[in-house]
Protein chains: 2
Amino acid sequence: AEEAADEVSKYSVPVVRMKYGEVAEATSVVVLPVSEAGEGDEGVATAPACRTDGDFGVLTADKAWRRWVVLPRWDPLAVIGEGGAVAVGFPDARVLPWRTNRWEREEPVLVVADRTRKVVEEEGFYLVSRVGGMAVERGSKLLEMDVEALGTVVLVVRPPKDEFDDQLQDEDWD
Amino acid sequence: AEEAADEVSKYSVPVVRMKYGEVAEATSVVVLPVSEAGEGDEGVATAPACRTDGDFGVLTADKAWRRWVVLPRWDPLAVIGEGGAVAVGFPDARVLPWRTNRWEREEPVLVVADRTRKVVEEEGFYLVSRVGGMAVERGSKLLEMDVEALGTVVLVVRPPKDEFDDQLQDEDWD
(Lines give C-alpha, C1' and ligand atoms only; values in the text may rest on other atoms or scores of the structure.)
Protein backbone atom coordinates (compact mmCIF):
# COMPACT_ATOMS: atom_id res chain seq x y z
CA ALA A 1 0.00 0.00 0.00
CA GLU A 2 2.95 2.30 -0.61
CA GLU A 3 0.94 4.31 -3.09
CA ALA A 4 -1.53 5.14 -0.32
CA ALA A 5 1.05 6.70 1.98
CA ASP A 6 1.98 9.78 0.05
CA GLU A 7 5.02 11.58 1.31
CA VAL A 8 4.67 14.97 -0.36
CA SER A 9 7.73 16.67 1.05
CA LYS A 10 9.99 16.36 4.05
CA TYR A 11 7.80 18.98 5.72
CA SER A 12 4.87 16.66 5.95
CA VAL A 13 3.57 13.51 7.51
CA PRO A 14 1.98 10.72 5.47
CA VAL A 15 -1.82 10.77 5.51
CA VAL A 16 -3.71 7.72 4.32
CA ARG A 17 -7.38 7.12 3.89
CA MET A 18 -8.36 3.56 4.66
CA LYS A 19 -10.34 1.74 2.03
CA TYR A 20 -13.07 -0.71 2.91
CA GLY A 21 -11.53 -4.17 3.10
CA GLU A 22 -8.02 -2.77 2.98
CA VAL A 23 -6.83 -4.63 6.04
CA ALA A 24 -7.98 -7.81 4.36
CA GLU A 25 -6.10 -7.02 1.16
CA ALA A 26 -2.91 -6.04 2.94
CA THR A 27 0.14 -8.16 2.30
CA SER A 28 1.00 -7.90 5.97
CA VAL A 29 -0.68 -6.41 9.01
CA VAL A 30 0.32 -4.82 12.30
CA VAL A 31 -1.60 -4.74 15.58
CA LEU A 32 -1.21 -1.53 17.57
CA PRO A 33 -2.42 -0.52 21.02
CA VAL A 34 -4.98 2.30 20.82
CA SER A 35 -5.42 5.14 23.25
CA GLU A 36 -7.90 7.98 23.06
CA ALA A 37 -6.92 11.63 22.78
CA GLY A 38 -8.97 12.38 25.89
CA GLU A 39 -6.76 10.10 27.96
CA GLY A 40 -3.94 12.53 27.47
CA ASP A 41 -0.23 11.82 27.74
CA GLU A 42 -0.84 9.07 30.25
CA GLY A 43 -2.71 7.06 27.64
CA VAL A 44 0.31 7.29 25.37
CA ALA A 45 2.90 6.70 28.07
CA THR A 46 1.13 3.68 29.52
CA ALA A 47 0.20 1.99 26.22
CA PRO A 48 2.16 -1.25 26.10
CA ALA A 49 5.25 -2.07 24.10
CA CYS A 50 4.56 -5.14 22.00
CA ARG A 51 6.43 -7.88 20.22
CA THR A 52 5.20 -10.80 18.15
CA ASP A 53 6.81 -14.19 18.24
CA GLY A 54 6.44 -17.92 18.14
CA ASP A 55 4.93 -20.17 15.54
CA PHE A 56 1.63 -18.34 15.45
CA GLY A 57 2.98 -14.80 15.58
CA VAL A 58 1.32 -14.22 18.95
CA LEU A 59 1.54 -10.59 20.03
CA THR A 60 2.76 -10.20 23.60
CA ALA A 61 2.37 -6.81 25.26
CA ASP A 62 4.48 -5.81 28.25
CA LYS A 63 1.25 -4.93 30.00
CA ALA A 64 -2.43 -5.68 29.58
CA TRP A 65 -4.40 -3.32 27.33
CA ARG A 66 -8.02 -3.08 26.23
CA ARG A 67 -8.03 -1.42 22.82
CA TRP A 68 -6.25 -2.55 19.66
CA VAL A 69 -6.35 -1.87 15.96
CA VAL A 70 -5.22 -3.94 12.98
CA LEU A 71 -3.71 -1.90 10.14
CA PRO A 72 -2.00 -2.83 6.90
CA ARG A 73 1.78 -2.71 7.38
CA TRP A 74 2.13 0.59 5.54
CA ASP A 75 5.74 1.68 5.04
CA PRO A 76 5.79 4.24 7.88
CA LEU A 77 4.61 1.54 10.30
CA ALA A 78 7.36 -0.86 9.35
CA VAL A 79 10.11 1.46 10.59
CA ILE A 80 8.75 2.34 14.04
CA GLY A 81 11.20 1.61 16.85
CA GLU A 82 10.61 -1.61 18.77
CA GLY A 83 7.80 -1.22 21.26
CA GLY A 84 7.33 2.43 20.26
CA ALA A 85 4.12 2.24 18.27
CA VAL A 86 0.87 3.65 19.58
CA ALA A 87 -2.30 4.72 17.78
CA VAL A 88 -4.22 7.65 19.22
CA GLY A 89 -7.86 8.11 18.28
CA PHE A 90 -9.00 11.72 17.84
CA PRO A 91 -12.73 12.42 17.57
CA ASP A 92 -12.17 14.83 14.70
CA ALA A 93 -9.43 16.03 12.39
CA ARG A 94 -9.29 19.60 13.70
CA VAL A 95 -6.34 18.37 15.74
CA LEU A 96 -4.19 18.31 12.60
CA PRO A 97 -2.06 21.46 12.32
CA TRP A 98 -2.69 21.97 8.64
CA ARG A 99 -5.64 23.15 6.63
CA THR A 100 -8.13 20.46 5.57
CA ASN A 101 -11.50 20.41 3.85
CA ARG A 102 -14.41 21.32 6.05
CA TRP A 103 -15.99 17.86 5.77
CA GLU A 104 -12.69 16.22 6.56
CA ARG A 105 -12.42 18.19 9.77
CA GLU A 106 -15.44 16.38 11.10
CA GLU A 107 -14.02 12.93 10.54
CA PRO A 108 -12.25 10.97 13.27
CA VAL A 109 -8.56 10.33 12.71
CA LEU A 110 -6.14 7.78 14.04
CA VAL A 111 -2.68 9.24 14.62
CA VAL A 112 0.14 6.69 14.79
CA ALA A 113 3.19 7.83 16.73
CA ASP A 114 6.62 6.40 17.50
CA ARG A 115 7.32 6.90 21.21
CA THR A 116 10.97 5.99 20.75
CA ARG A 117 11.48 9.24 18.79
CA LYS A 118 10.91 12.15 21.15
CA VAL A 119 13.63 14.47 19.92
CA VAL A 120 11.90 17.38 18.17
CA GLU A 121 13.12 18.35 14.73
CA GLU A 122 12.07 21.42 12.78
CA GLU A 123 10.34 19.50 10.00
CA GLY A 124 8.61 16.81 12.04
CA PHE A 125 5.10 16.50 13.47
CA TYR A 126 4.66 15.41 17.05
CA LEU A 127 2.13 14.19 19.54
CA VAL A 128 2.04 16.56 22.51
CA SER A 129 0.18 16.78 25.78
CA ARG A 130 -2.56 19.40 26.08
CA VAL A 131 -4.98 20.41 28.78
CA GLY A 132 -7.77 17.85 28.51
CA GLY A 133 -6.01 15.61 26.05
CA MET A 134 -3.49 15.65 23.25
CA ALA A 135 -2.65 17.50 20.08
CA VAL A 136 -0.55 17.13 16.97
CA GLU A 137 1.99 19.92 16.61
CA ARG A 138 4.67 20.98 14.15
CA GLY A 139 8.26 20.54 15.24
CA SER A 140 9.01 24.16 14.35
CA LYS A 141 6.38 25.37 16.79
CA LEU A 142 7.53 23.03 19.56
CA LEU A 143 11.11 24.25 19.19
CA GLU A 144 9.92 27.86 19.53
CA MET A 145 7.89 27.04 22.61
CA ASP A 146 10.41 24.58 24.06
CA VAL A 147 7.70 21.95 24.55
CA GLU A 148 8.46 18.25 24.87
CA ALA A 149 6.99 15.69 22.52
CA LEU A 150 5.37 12.38 23.47
CA GLY A 151 6.46 10.89 20.16
CA THR A 152 6.92 11.51 16.45
CA VAL A 153 3.81 11.24 14.28
CA VAL A 154 4.58 8.72 11.55
CA LEU A 155 1.15 8.35 9.98
CA VAL A 156 -2.33 9.83 10.06
CA VAL A 157 -5.16 7.46 9.14
CA ARG A 158 -8.49 8.77 7.89
CA PRO A 159 -11.61 6.59 7.95
CA PRO A 160 -12.87 4.81 4.83
CA LYS A 161 -15.17 6.86 2.67
CA ASP A 162 -17.80 5.75 0.22
CA GLU A 163 -17.02 7.95 -2.72
CA PHE A 164 -13.63 8.30 -4.25
CA ASP A 165 -11.81 11.46 -3.34
CA ASP A 166 -8.32 12.72 -3.77
CA GLN A 167 -7.17 12.72 -0.20
CA LEU A 168 -4.38 15.20 -0.76
CA GLN A 169 -6.35 17.81 -2.64
CA ASP A 170 -7.00 21.02 -0.75
CA GLU A 171 -4.70 20.10 2.07
CA ASP A 172 -2.07 22.54 3.07
CA TRP A 173 1.26 20.74 2.96
CA ASP A 174 3.24 23.93 3.56
CA ALA B 1 -9.61 -20.44 3.36
CA GLU B 2 -12.55 -22.84 3.50
CA GLU B 3 -10.53 -25.54 1.83
CA ALA B 4 -8.07 -25.42 4.70
CA ALA B 5 -10.64 -26.14 7.38
CA ASP B 6 -11.57 -29.67 6.57
CA GLU B 7 -14.58 -30.98 8.37
CA VAL B 8 -14.20 -34.71 7.89
CA SER B 9 -17.25 -35.89 9.76
CA LYS B 10 -19.53 -34.65 12.47
CA TYR B 11 -17.31 -36.57 14.89
CA SER B 12 -14.39 -34.28 14.36
CA VAL B 13 -13.08 -30.79 14.81
CA PRO B 14 -11.48 -28.82 11.98
CA VAL B 15 -7.68 -28.83 12.06
CA VAL B 16 -5.79 -26.33 9.94
CA ARG B 17 -2.11 -25.91 9.37
CA MET B 18 -1.12 -22.28 8.96
CA LYS B 19 0.87 -21.42 5.88
CA TYR B 20 3.59 -18.79 5.93
CA GLY B 21 2.03 -15.47 4.99
CA GLU B 22 -1.46 -16.84 5.32
CA VAL B 23 -2.69 -14.09 7.62
CA ALA B 24 -1.55 -11.62 5.00
CA GLU B 25 -3.40 -13.41 2.21
CA ALA B 26 -6.59 -13.78 4.19
CA THR B 27 -9.62 -11.95 2.89
CA SER B 28 -10.52 -11.03 6.46
CA VAL B 29 -8.83 -11.45 9.82
CA VAL B 30 -9.83 -11.91 13.45
CA VAL B 31 -7.94 -10.90 16.58
CA LEU B 32 -8.34 -13.30 19.50
CA PRO B 33 -7.15 -13.14 23.10
CA VAL B 34 -4.60 -15.88 23.82
CA SER B 35 -4.17 -17.78 27.05
CA GLU B 36 -1.69 -20.53 27.80
CA ALA B 37 -2.66 -24.07 28.70
CA GLY B 38 -0.63 -23.78 31.90
CA GLU B 39 -2.86 -20.96 33.11
CA GLY B 40 -5.68 -23.45 33.41
CA ASP B 41 -9.38 -22.67 33.42
CA GLU B 42 -8.78 -19.27 34.93
CA GLY B 43 -6.89 -18.19 31.81
CA VAL B 44 -9.91 -19.13 29.73
CA ALA B 45 -12.51 -17.71 32.08
CA THR B 46 -10.74 -14.39 32.49
CA ALA B 47 -9.81 -13.84 28.83
CA PRO B 48 -11.76 -10.82 27.65
CA ALA B 49 -14.83 -10.68 25.48
CA CYS B 50 -14.13 -8.47 22.49
CA ARG B 51 -15.99 -6.44 19.91
CA THR B 52 -14.75 -4.34 17.03
CA ASP B 53 -16.36 -1.11 16.00
CA GLY B 54 -15.97 2.39 14.72
CA ASP B 55 -14.44 3.69 11.55
CA PHE B 56 -11.15 1.94 12.06
CA GLY B 57 -12.50 -1.38 13.33
CA VAL B 58 -10.86 -0.84 16.71
CA LEU B 59 -11.09 -3.93 18.90
CA THR B 60 -12.34 -3.15 22.40
CA ALA B 61 -11.96 -5.83 25.05
CA ASP B 62 -14.08 -5.83 28.20
CA LYS B 63 -10.85 -6.08 30.17
CA ALA B 64 -7.18 -5.51 29.54
CA TRP B 65 -5.20 -8.47 28.18
CA ARG B 66 -1.58 -9.04 27.22
CA ARG B 67 -1.56 -11.71 24.54
CA TRP B 68 -3.32 -11.66 21.18
CA VAL B 69 -3.21 -13.50 17.89
CA VAL B 70 -4.32 -12.50 14.40
CA LEU B 71 -5.81 -15.34 12.36
CA PRO B 72 -7.51 -15.53 8.98
CA ARG B 73 -11.29 -15.49 9.46
CA TRP B 74 -11.63 -19.19 8.78
CA ASP B 75 -15.24 -20.39 8.65
CA PRO B 76 -15.29 -21.90 12.16
CA LEU B 77 -14.13 -18.56 13.60
CA ALA B 78 -16.89 -16.60 11.90
CA VAL B 79 -19.64 -18.42 13.81
CA ILE B 80 -18.30 -18.12 17.36
CA GLY B 81 -20.75 -16.54 19.79
CA GLU B 82 -20.17 -12.86 20.56
CA GLY B 83 -17.37 -12.43 23.05
CA GLY B 84 -16.90 -16.19 23.27
CA ALA B 85 -13.68 -16.65 21.34
CA VAL B 86 -10.44 -17.55 23.06
CA ALA B 87 -7.27 -19.15 21.71
CA VAL B 88 -5.35 -21.46 24.03
CA GLY B 89 -1.71 -22.20 23.31
CA PHE B 90 -0.56 -25.74 24.07
CA PRO B 91 3.17 -26.48 24.07
CA ASP B 92 2.62 -29.69 22.12
CA ALA B 93 -0.09 -31.58 20.31
CA ARG B 94 -0.25 -34.53 22.70
CA VAL B 95 -3.21 -32.72 24.22
CA LEU B 96 -5.34 -33.67 21.21
CA PRO B 97 -7.46 -36.74 21.96
CA TRP B 98 -6.82 -38.43 18.65
CA ARG B 99 -3.86 -40.19 17.14
CA THR B 100 -1.36 -37.98 15.30
CA ASN B 101 2.02 -38.49 13.69
CA ARG B 102 4.93 -38.63 16.09
CA TRP B 103 6.50 -35.44 14.70
CA GLU B 104 3.17 -33.65 14.88
CA ARG B 105 2.90 -34.47 18.56
CA GLU B 106 5.93 -32.31 19.24
CA GLU B 107 4.50 -29.24 17.58
CA PRO B 108 2.71 -26.49 19.52
CA VAL B 109 -0.98 -26.08 18.77
CA LEU B 110 -3.41 -23.25 19.19
CA VAL B 111 -6.88 -24.45 20.19
CA VAL B 112 -9.69 -21.99 19.51
CA ALA B 113 -12.75 -22.45 21.70
CA ASP B 114 -16.18 -20.85 21.95
CA ARG B 115 -16.89 -20.11 25.62
CA THR B 116 -20.55 -19.42 24.89
CA ARG B 117 -21.04 -23.14 24.07
CA LYS B 118 -20.47 -25.12 27.25
CA VAL B 119 -23.19 -27.72 26.83
CA VAL B 120 -21.46 -31.03 26.11
CA GLU B 121 -22.66 -33.06 23.16
CA GLU B 122 -21.60 -36.60 22.32
CA GLU B 123 -19.87 -35.68 19.07
CA GLY B 124 -18.14 -32.47 20.14
CA PHE B 125 -14.65 -31.70 21.39
CA TYR B 126 -14.21 -29.52 24.44
CA LEU B 127 -11.69 -27.55 26.41
CA VAL B 128 -11.62 -28.85 29.99
CA SER B 129 -9.78 -27.98 33.17
CA ARG B 130 -7.04 -30.37 34.30
CA VAL B 131 -4.64 -30.46 37.20
CA GLY B 132 -1.84 -28.13 36.12
CA GLY B 133 -3.60 -26.79 33.10
CA MET B 134 -6.10 -27.72 30.43
CA ALA B 135 -6.92 -30.50 28.03
CA VAL B 136 -9.02 -31.16 24.95
CA GLU B 137 -11.54 -33.92 25.50
CA ARG B 138 -14.21 -35.72 23.49
CA GLY B 139 -17.80 -34.97 24.37
CA SER B 140 -18.54 -38.68 24.68
CA LYS B 141 -15.92 -39.04 27.40
CA LEU B 142 -17.10 -35.94 29.27
CA LEU B 143 -20.67 -37.22 29.27
CA GLU B 144 -19.48 -40.53 30.76
CA MET B 145 -17.46 -38.75 33.43
CA ASP B 146 -19.99 -35.97 34.00
CA VAL B 147 -17.29 -33.31 33.63
CA GLU B 148 -18.06 -29.70 32.74
CA ALA B 149 -16.57 -28.02 29.69
CA LEU B 150 -14.97 -24.58 29.53
CA GLY B 151 -16.04 -24.23 25.91
CA THR B 152 -16.48 -26.03 22.61
CA VAL B 153 -13.36 -26.46 20.48
CA VAL B 154 -14.11 -24.95 17.09
CA LEU B 155 -10.68 -25.10 15.49
CA VAL B 156 -7.18 -26.47 16.06
CA VAL B 157 -4.36 -24.52 14.43
CA ARG B 158 -1.01 -26.15 13.70
CA PRO B 159 2.10 -24.06 13.06
CA PRO B 160 3.38 -23.39 9.54
CA LYS B 161 5.70 -26.03 8.17
CA ASP B 162 8.34 -25.76 5.52
CA GLU B 163 7.59 -28.81 3.44
CA PHE B 164 4.20 -29.63 2.07
CA ASP B 165 2.35 -32.31 3.96
CA ASP B 166 -1.12 -33.65 3.92
CA GLN B 167 -2.33 -32.48 7.26
CA LEU B 168 -5.12 -35.01 7.48
CA GLN B 169 -3.13 -38.10 6.57
CA ASP B 170 -2.50 -40.52 9.41
CA GLU B 171 -4.78 -38.69 11.77
CA ASP B 172 -7.45 -40.69 13.47
CA TRP B 173 -10.76 -38.99 12.82
CA ASP B 174 -12.75 -41.85 14.35
Side-chain angles (χ1 to χ4, degrees), chain A residues 1 16-18 20-36 46-73 87-93 106-112 156-162, chain B residues 1 16-18 20-36 46-73 87-93 106-112 156-162:
Chain A
V16 297
R17 180 175 296 285
M18 289 205 76
Y20 289 107
E22 190 168 15
V23 167
E25 289 163 15
T27 51
S28 183
V29 298
V30 293
V31 181
L32 305 177
V34 175
S35 82
E36 293 303 316
T46 61
C50 306
R51 58 185 171 77
T52 58
D53 54 19
D55 290 297
F56 304 103
V58 169
L59 175 142
T60 303
D62 66 354
K63 63 176 82 84
W65 198 251
R66 284 187 61 211
R67 306 193 77 223
W68 301 87
V69 68
V70 182
L71 294 177
R73 191 182 293 273
V88 179
F90 286 90
D92 65 65
E106 292 164 8
E107 293 178 328
V109 289
L110 207 55
V111 173
V112 181
V156 174
V157 187
R158 291 186 179 283
K161 193 165 158 289
D162 285 327
Chain B
V16 296
R17 179 175 296 285
M18 289 206 76
Y20 288 107
E22 189 168 15
V23 167
E25 289 163 16
T27 51
S28 184
V29 298
V30 294
V31 181
L32 305 177
V34 175
S35 82
E36 293 302 317
T46 61
C50 306
R51 58 186 171 77
T52 58
D53 54 19
D55 290 296
F56 303 102
V58 169
L59 175 143
T60 302
D62 66 355
K63 63 176 81 83
W65 198 250
R66 284 186 61 211
R67 307 193 75 223
W68 301 88
V69 68
V70 182
L71 294 177
R73 192 181 292 273
V88 180
F90 286 91
D92 64 65
E106 291 164 8
E107 293 179 327
V109 288
L110 208 54
V111 173
V112 181
V156 174
V157 187
R158 291 186 179 281
K161 194 167 158 288
D162 285 328

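Proteins come first, then strands; the chains are lettered A, B, ... in the order of their sequence lines, and each starts at number 1.
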Proximity breakdown for P108(A) and chain B, heavy-atom pairs closer than 4.5 Å: both

Pick from G89(A), A87(A), P159(A), A64(A) with the largest number of heavy-atom pairs that fall under 4.5 Å of chain B: A64(A)

Which atoms of V30(A) approach chain B - backbone, side chain, both or neither, heavy atom under 4.5 Å: neither

Chain B contact via V58(A) - side chain, backbone, both or neither, heavy atoms under 4.5 Å: both

Heavy-atom closest contact (V69(B) atom, F56(A) atom, distance): CG2-O, 3.4 Å

Heavy-atom pairs under 4.5 Å with chain A, option from D62(B), L59(B), D55(B), L32(B) with the top count: L59(B)

Rounded distance (nearest 0.5 Å) linking atom SG of C50(A) with atom CZ of R67(B): 12.0 Å

Heavy-atom pair with the smallest gap, counting every atom of W68(A) and W65(B): CZ2-O, 4.0 Å

Donor-acceptor contact present, side-chain R66(B) to main-chain A61(A), <3.5 Å: yes

